[in-house]
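Side-chain atoms are counted along with the backbone in the values below, which use heavy atoms only and exclude waters and symmetry mates. Note that the numbering runs from 1 along the sequence shown for the chain.
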Amino acid sequence: MKWVKRIAVGLVVVFALFYMVTRPEDAAGAVQGAAAAVWGGVEAVGRFFTSLAAG
């Protein structure tokens, strides 16, 4: 089963590299969108803990 995970990760990496080479603008937009989503999650967790501490 270890080899299945290794193949899956390899396919994802190859697809990501292919996407970056063939459509760099779209790849940059996808990375920016992912970073914005992560930052939004961090902000939401921060607001949650702030409201817990205030209440």
Problem set entry | Apart from Val14 itself, residues in the same hydrophobic cluster as defined by side-chain heavy atoms under 4.5 Å | none

Exercise. When clusters are formed from ILVMFWY side-chain contacts under 4.5 Å, directly or step by step, what else is grouped with Val4?
Worked result: Met1, Trp3, Ile7, Leu11

Problem set entry | ILVMFWY cluster, Val21 and Val31 together (side-chain gap under 4.5 Å) | no

Without placing hydrogens or testing angles, list every side-chain donor-acceptor pair under 3.5 Å for residues 44-54, not counting sequence neighbours.
residue : atom : partner : partner atom : Å
Thr50   : OG1  : Gly46   : O            : 2.8
Ser51   : OG   : Arg47   : O            : 3.4
Ser51   : OG   : Phe48   : O            : 2.7

Problem set entry | Within residues 1-11 or reaching into it, pairs that qualify as salt bridge (Lys or Arg N to Asp or Glu O under 4.0 Å) - sequence neighbours excluded | none

Exercise. Which residue pairs satisfy the side chain to side chain donor-acceptor pair (under 3.5 Å) criterion with at least one member in residues 17-39, sequence neighbours excluded?
Worked result: Arg23-Asp26, Trp39-Glu43

Exercise. With a cutoff of under 4.5 Å between side-chain heavy atoms, which Ile, Leu, Val, Met, Phe, Trp and Tyr residues group with Phe18?
Worked result: none

